[in-house]
Amino acid sequence: MTAGRGETLSGAAAPTRLRCENNVDPLGIDALQPRLSWQLSDGRRGVRQTAYELQVASSGDGLARGEADRWSTGRVEAADSLVVYDGAPLGSRDGCWWRVRTWDADGAATPWSDAAHFEVGLVRPFNFPAYSDWRATLIRSAVVGTRTDGVPAPFMRRQFTVPGDVVSARLYITAQGLYEAWINGRRVGHDRHRPGWTDYRIRLPYQTHDVTDLVANGDNAIGAILGDGWFCGHVAIAGGRQGYGDRPGLFAQLEIEVAGEDERLVIATDADWLTTTGPILSSDNYLGEHHDARLELPGWSEAGMDTTAWEPVQLGAPILAGLVATVAPPVRAVAELRPVAQWESAPGVHVFDLGQNMVGHVRLRVAGAPAGTTIQLRHAEVLDADGRTIWTANLHRAIATDSYTCRGDAVETWEPRFTFHGFRYVEVTGHPGTPSLDDVTGVVVHSAMTPTGEFECSNALISRLYQNIVWSWRGNSVDLPTDCPQRYERLGWTGDIAMFARTAVFLEDAQEFLRKWIHDLIDSQIVGGVEDGQFPTVAPRSSRWGGGPAWADAAVFVPWALYTAYGDTTTLTEIYPALQRWMGYLAREEAGRAPGSWIGFGDWVSLDTDPDNPLGPDDRWGGTSLAFLRDAFRAHATDLVGRIADVIGRRHDAAEWFEVADRRRRAFVTAHVVDGRLAEPTQTGCTLALTFDLLPDAASRQAVGEDLAKDVESRGHLVTGFVGTPWLLHALERAGRLDLAYQLIEREELPGWLYPVTQGATTMWERWDAWTPERGFHPSGMNSFNHYAYGAVGHWLHRTIGGLDIDDERPGSGRLRIAPRPGGSIRSGRAALQTTSGAASCAWELADGRMQLAFTIPPNRSATVLLPARSTHAVVGSLADVDGVSDLRSVDGFVAFEAAAGSYELTIADPVVA
Ligand code: BGC
C-alpha cells in the first residue's frame, strides 16, 4: 500500500485488531453510533499515535478504492484509538466496511489497515407491526407445565421454498426460554443458553446469524428446540418455576436475499409453523436434563419430513419487552476435560474425577447398551468423608441430575442442551458395563470472553490460587456474573461482582459481558414492585429485596472498574440516570422519608463473629456493624458517582455529588471515629476506612493503620468476610505493613487464601472454613466450592506481586502502573495484560541481592514506574539516559519515573523487600 499524497510512511505495520462495539466484525448491532477501535502494531520505544483517519463505506470494493461513502474523518489530530461513528445515519440491516490508518509523533503514516466489517440488526425494538422491522410473532406449544414440573421440550419447524439462488441470508432470532436453531439439518452457530438471562419483562436480546450457507434454492426447512432456561425453569428466590411465563416461545425471522428478486424472502415465526415434542423429556438449569433417544426425530429440521404427527403452534401475545441486539459475548463450550481418575464407589456406581471443579456438562459415550437403558449422571463439587462417594448436600434443591435413555445403537454420544452444572465429580449409574475414561468428557461452558490477564510467582501455591480465581470467574460467567454455579441459586448477586469486578476486568476482556449485566442492574431498579431507586440484591431481580451496603454499590463499582480498565465511558453514561435515582433514594432515606427497603448482609461470611450472637443485633454477619458499613459505603459511593458525573461531562452534578460525599464522610466520622480511631476497629472496618479515604487526617490514618496491623498481628490471620477481604492487603500495604500482607497471603493454615489450595481446591471457596479436617464440611446449608468473592485478592496479586496494574489514580488515561513490591518468601513474579492497546507485562526475579526487572508498555500508552530501589544509584546504569524515561523522582523513598511505550530491562541492587 502506498502513502497518500505527500505522506511519509512510518515503516510501522498497519493498525490491527479493528473492533466495532468491542467485537470483531459483528453482525446485528443496534448501536447506530457504534464504537470503532483499533490497536497500533508498532514496537518502537515511545511510539504514540498523533492522528488517525477512518473511512467507512457501504461496500468492501468501494472502500478498497477509497470511496468512503458513509464516513471519512479526514486526518484527525488525536491519540484516541476508540472513536464513535459519526457518519451518514445508519439503519436496519446496513452493512459497513471500514479501515483506519494512523500517524506517529514524527508525522509519518501507517498503511491502511485491512478492512473490517459490521452490520446493523433490526433496530426498531418493538414487536408492533407499524413501527417494527419484525414480522415475527411469538409461537408456542399448547403444552404447559406447572410451578413445580416441566414438560418435554417443544420442537418447532416450518418448511419453505427459495425461488432462486441465495445471495445472502440472516436469521434474527430469540426466545422466551432458550433456543437452539437448525436449518436443513444443520445447527445454526455454536452458542449455548441463548438468549441468556435478562429481565424479560423489559429487555429481550436477539441474535443475528449469517446463514447464507445453510439455505439454498428450492425446498428448505428451519427448526428450533426450546428449553425452559431462566424464563420458565426454576429460579431461586422467585420460588419455583415460571418466574416470567408458563412456557417457552420462539420469535424468529429468516431473511433471504434471492438473486434477481427485489424483495427479501422473509420466513418469520407465525401460524404456519408446526410443533411437537421429541427426546428431551425435561430440562432445567438446576434440575438437569432428561433425554430419551428413542424419541428422537430424525430429519426434523429438513425439508420433506412427514409432519402428520405435528401440531400447529399457538400464537403468543406481542412481546412487550424491548427487542435489543445481544451485547454480551456468547456462551459457548470453550474447553473439554478428560477425567483423571475413576472408581466404583458401590456396585454399579461409577465416579469420575475431572481433576478440576468446572461448569458446564458431561458428554457421555455409551457403547453396546440395549435400547431403553437409562444412564444417570449426577454431579458434585466434592467427595464425602469416605473420599469415594459424591457429596451433594450443598446443592440444595438443585439436584443436578441428567439422564440418557439409549436408542440401542452400537455407539451413542449425548450431551444436554439446556442445563449446566458446577462439578468436578460425575457419578454414572445405570451403565450396562463399566464406563471408561473415554466415555465421560467434561465440556466447559461459559461466556466466551477473551482471556487477557496472567499471573504467576515463585510460590506455586499462590500461582495455583490465581488459577483457582480464573476458574471461579469462568464458572460464574454463564451469561451473567453469578455468586455460584452449582446450588439452588446461581443468581446475579450484586455484592459478589461489586467486590470482584476489579479482578475480573484484568482476567478477561469483560467489557461487554459486564456492560450487559449493568443493563440488567438498571432494569432491576425499576421492576419488582419496589421502584424506590434502591438497587437490588440480585440482578436480574427475582425478589423484592433492595441491596444493602456493598451489594447495591455494584452500581458504582462495576461501571468504574470497566472505565478504569478499558477507558470507555459508555457504561458510565448508561448507568448515570439510575445512579441519580439511587442517590435520591439515599437522600430520602437519610431524611427519614423512605422505608429502607434494603437488606444488609454485613461482612458476609466473615469469621469476625460473636459466637453467641452470630447475626448480631443489627448485623447479618460479621463483627462490623451494618451502620458502619452503610455509612462507609454511602460516602464512598457518592464520591464515585461524583467522579462518574465528572467523566461524562456532568460537571455541575459532579460538584454537587462531591459536596454530598463530603457531608457523608463527615457523618461517618461523627458516628464512627473517636479521637482519630475507629469505634469499631475491626479488620474490615479499618480496611474500609483506609481504602475509602474516610478518615479526617494523616494522624488518624496512621492510627487506624496501626490498629489494623495490631489486629492482624495479634490474631496472626485474617477474619474478614466478603466486604473487607478485597481491600485488606491493599490497606495493609498502604499502612506501610506490606510484610503483614505477605504473611497473610503466604499463610497456608486456616483461615487464609492458601488453606483451600493446600486441601486440593481448584476453585475459590465461598467460606474460609468450607471444610476442615476436624469438622468436615461447614454445617451451613450454604457451602459453595465455587464462589469468586474471595478471589478479589487477584487484583492485589497482579498489582503488588506481579507489579502490573492500570493506574487507577488516573483512570481513563490509559496509563499503566508498573510497581512490583517483593516480599515474604517470594523470589520472582510476573503479570501480563492484553490491554485495549496491546500487550503489557512485568516480570522480576531476585538473585544475588539484586532484582532483575523487565517490563513492556504497549504502543500509545505510558506507565508510571515505581521501583523498589532505595535511590537512583541503586539502579544499575543511568536511568536518566534511558530512552523513554522521564520525570525521574523519589516517591515515598522509592525511585519513580514515567516510561513511554516499549520494552525495558533494569537491574536494581539491594532492592527493598518486605
Ligand atoms: C450468595 C452470596 C450472596 C449472599 C448474600 C448468598 O447466598 O451465594 O454470594 O452475596 O447470599 O449475602
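Side-chain atoms are counted along with the backbone in the values below, which use heavy atoms only and exclude waters and symmetry mates. Counting convention: from 1, in listed order, for ligands and their atoms alike. We count residues from 1, following the sequence as given. This structure is a prediction, so every number in the text was calculated from the model and none was measured.
- Counting only heavy atoms of the protein, atom 1 (C) of ligand 1 lies nearest to Asp483 OD2, 3.3 Å.
- Listed by number with element, the atoms of ligand 1 under 4.0 angstrom from any heavy atom of Met782 are 7 (O).
- Below 4.0 Å from some heavy atom of Phe722 lie the following atoms of ligand 1, by number and element: 9 (O).
- With 3.5 Å as the limit, one finds a donor-acceptor pair spanning the side chains of Asp603 and Thr684.
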### Task
List the steps and the verdict of ring pair (Phe, Tyr, Trp, His ring centres under 6.0 Å) for Phe722 and Trp493.
CA-CA 12 Å; Phe722 271 33; Trp493 277 100; 9.4 Å; no
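- Within ligand 1, the atoms closer than 4.0 Å to a non-hydrogen atom of His787 are 1 (C), 2 (C), 8 (O), 9 (O), numbered from 1 in the order shown.
- Near Glu766, the atoms of ligand 1 lying under 4.0 angstrom from a non-hydrogen atom of the residue are 8 (O).
- Using a cutoff of 4.0 Å between basic side-chain nitrogens and carboxylate oxygens, Asp693 and Arg734 are not scored as salt-bridged.
- A cation-pi contact, defined as under 6.0 Å to the ring centre and within 45° of the axis, is absent between Arg767 and Trp765.
- The closest non-hydrogen atom to atom 12 (O) of ligand 1, taken over Trp545, Phe601, Tyr488, comes from Phe601.
- At the shortest separation from atom 11 (O) of ligand 1 among protein heavy atoms lies Trp493 CZ2, 3.5 Å.
- Taking the ring centroids of His396 and Tyr488, they lie at or beyond the 6.0 Å cut-off.
- Remark: minimum distance from atom 6 (C) of ligand 1 to any protein heavy atom is reached at Glu489 OE2, 3.5 Å.
- Listed by number with element, the atoms of ligand 1 under 4.0 Å from a non-hydrogen atom of Arg487 are 1 (C), 6 (C), 7 (O), 8 (O).
- In this structure, Arg490 is positioned above the aromatic face of Phe420, its NZ or CZ under 6.0 Å from the six-membered ring centre and within 45° of the axis.
- Two rings, from Trp230 and Tyr200, have their centers 6.0 Å or more apart.
- Protein heavy atom nearest atom 9 (O) of ligand 1, with residue, atom name and distance: Asp496 OD2, 2.5 Å.
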